[in-house]
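See structure below.
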Amino acid sequence: MNIEAYIASGVLEAYVLGELTVREQEQVVLQVQRYPALHDELVRIEKTMEQLVRQASVKPKPHLKDNVLQSAGARIKVQPVKASNFWVWLAAASVMLACFFAYLAYNYHARWSSTSQQLAEIELRNQQIAQNLNTVNLELSKIQSDINIVDNPAFSRVLLTGTNQAPDSKATVFWNASTHEVYLRIQHLQVLATENQFQLWALIDGKPVDMGVFDVTADLMKMKTTARADAFAVTIEARGGSSVPSLHTLQVIGNIKG
Amino acid sequence: MLRQENDLIEQLRAGDKSALSYLYDHYGAALYGIIIRIVKREEWAEEVLQDAFLKIWNRIDLYEPEKGRLFTWMLNLTRNLAIDKTRSKEITYAQKTDDIHELVNTIDRREQTEMAVAQIGLIPVLNQLPPDQKFIVEHLYLKGYTQSEVAEEFGIPLGTVKTRLRSAMGTLRILLKVE
């Protein structure tokens with residue numbers, strides 16, 4: 001550093017007059033500690049100012065000294081706070097705060113995404129449950145209407161029992177003589193190849209009349225209507241049904257009582 | 001300084017009132033001379049002087065010897081208090097009341113004070129400086145102006161203010177026999 005130029009800049013005079021910023025003051029203190037020539041110059045400037053100010057002295061009134069000494073009785077201790085320390089602490093505190101908030105932000109983001117994922121799962125499950133409920137309701141109303149038929153005294157209950165070819169087979173026909181409705185419920189029928197289907201027949205005066213084809217199901221099936229019938233029978237036919245029953249495939253048969 | 005500055009500071013820090021008494025005897029008048037030139041009224045100058053010594057006494061722990069001499073610290077502290085006083089509400093208010101109620105009295109009193117300040121203002125050593133340097137030194141060291149305030153108020157370039165101050169300090173150093 002050019003010490004002459006530094007001195008000539010007048011920065012030391014400004015320092016002594018207290019005109020520098022805290023940062024500039026720190027710089028001057030550093031340079032003065034490093035270069036003895038600067039330190040000597042600084043002391044000379046200070047002494048010159050002191051001498052000058054002394055020459056400008058004005059004596060205050062004598063009683064003022066007592067006032068000063070009296071008011072200075074209770075010593076108030078002021079802890080020195082180093083500016084640099086303060087800024088270091090402030091910076092450290094800021095960084096810690098920033099880290100803390102970043103952690104909070106991350107934490108809340110993580111919680112938020114997991115919550116929204118959970119919410120999506122719950123909504124999906126809710127939909128499934130609603131669907132299931134719908135299905136159950138449908139089945140329930142179906143069962144309700146089935147029961148209405150089964151319980152209705154207007155329906156005659158015709159038990160169809162297994163023939164020699166299918167002794168375990170069993171089915172029930174519900175027939176309403178006044179509305180002509182026919183329902184079929186299967187208790188047991190054999191398993192068919194996919195190209196075959198069962199067909200229900202009504203025997204009227206010894207003649208078979210087609211009452212519709214069906215596959216095995218647990219539900220109560222609505223079949224074709226008939227005004228009269230002496231008996232009902234089920235045969236195995238090609239898929240789609242036949243006009244004439246194949247009697248050798250007769251599975252169950254039941255006569256209407258009376 | 002008659003006593004060693006370090007001893008004095010140690011005594012002040014220990015709360016030794018005789019050190020404060022010594023400080024007042026040796027620097028009170030010098031500080032008061034600056035205060036009266038800045039606030040220009042005796043009653044206010046007395047308040048500032050008292051405040052200044054109270055502050056020096058209470059804040060001596062904040063003084064850092066490696067940053068400068070004790071007198072420099074005391075002078076800057078005192079000068080700031082005096083400048084604060086001129087800016088304080090008390091003075092603004094007093095000036096307002098003066099204007100309304102006791103215009104004549106105040107003018108008399110102020111003129112007296114200002115005459116007194118003008119009289120005390122004579123410092124032989126300054127007369128040996130060129131007038132433009134004397135002006136700068138007076139305003140910076142005795143009247144509490146900053147370099148930029150002098151530059152702005154009197155239309156002198158800041159660089160010129162600095163140069164004149166440097167030259168004046170060189171001359172004063174010899175005149176005041178500073179080693």
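Because only heavy atoms are used, hydrogens play no part in the values below, and waters and symmetry mates are left out as well, while side chains stay in. First the proteins, then the strands, lettered A, B, ... as listed; each starts at 1.
Counted within 6.0 Å of NE2 on His109(A), heavy atoms from surrounding residues, nucleotides or ligands total 12 or fewer; the atom is thus considered open. Taking a 6.0 Å sphere around CZ of Phe154(B), one finds it holds more than 12 heavy atoms contributed by other residues, nucleotides or ligands. Taking a 6.0 Å sphere around CD of Gln117(A), one finds it holds 12 or fewer heavy atoms contributed by other residues, nucleotides or ligands. The environment of Glu4(A) atom CD is sparse: at most 12 non-hydrogen atoms of other residues, nucleotides or ligands sit within 6.0 angstrom.
Taking CG from Leu172(B) and CD from Gln51(A), the interatomic distance works out to 11.0 Å, rounded to the nearest 0.5 Å. Within the model, atoms CZ of Phe71(B) and CD of Glu50(A) stand 5.0 Å from one another, a figure rounded to the nearest 0.5 Å.
Between Arg166(B) and Ile7(A) there is a side-chain heavy-atom pair separated by less than 4.5 Å. Using a 4.5 Å cut-off on side-chain heavy atoms (C-beta onward), Trp73(B) and Glu46(A) make no contact. For the pair Ile45(A) and Arg173(B), the minimum side-chain heavy-atom distance is below 4.5 Å. The side-chain heavy atoms of Pro60(A) and Tyr24(B), taken from C-beta on, include a pair separated by under 4.5 Å. Residues Arg44(A) and Met169(B) have side chains not in contact (no heavy-atom distance under 4.5 Å, counting atoms from C-beta outward).
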Can Val68(A) and Leu54(B) be said to form a side-chain contact (heavy atoms from CB on, under 4.5 Å), step by step? CA-CA 7 Å; Val68(A) 165; Leu54(B) 198 60; over 6 Å; no
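No side-chain donor from either of Lys162(B) and Ser9(A) sits under 3.5 Å from a side-chain acceptor of the other.
Heavy atoms closer than 4.5 Å to chain A are found in both the backbone and the side chain of Tyr141(B). Only the side chain of Leu165(B) comes within less than 4.5 Å of a heavy atom in chain A; its backbone stays farther off. Proximity to chain B involves both the backbone and the side chain of Ala14(A), based on heavy atoms less than 4.5 angstrom apart. Interface remark: Leu75(B) contributes side-chain atoms only to the contact with chain A (heavy atom separation under 4.5 Å).
When each of Asp25(B), Ile34(B), Thr72(B) is checked for heavy-atom pairs under 4.5 Å with chain A, Thr72(B) comes out on top. Options Leu17(A), Leu52(A), Asn67(A) differ in how many heavy-atom pairs under 4.5 Å they form with chain B, and the most are formed by Leu17(A).
Taking the charged nitrogens against the carboxylate oxygens, Lys67(B) and Glu26(A) have no contact shorter than 4.0 Å, which rules out a salt bridge.
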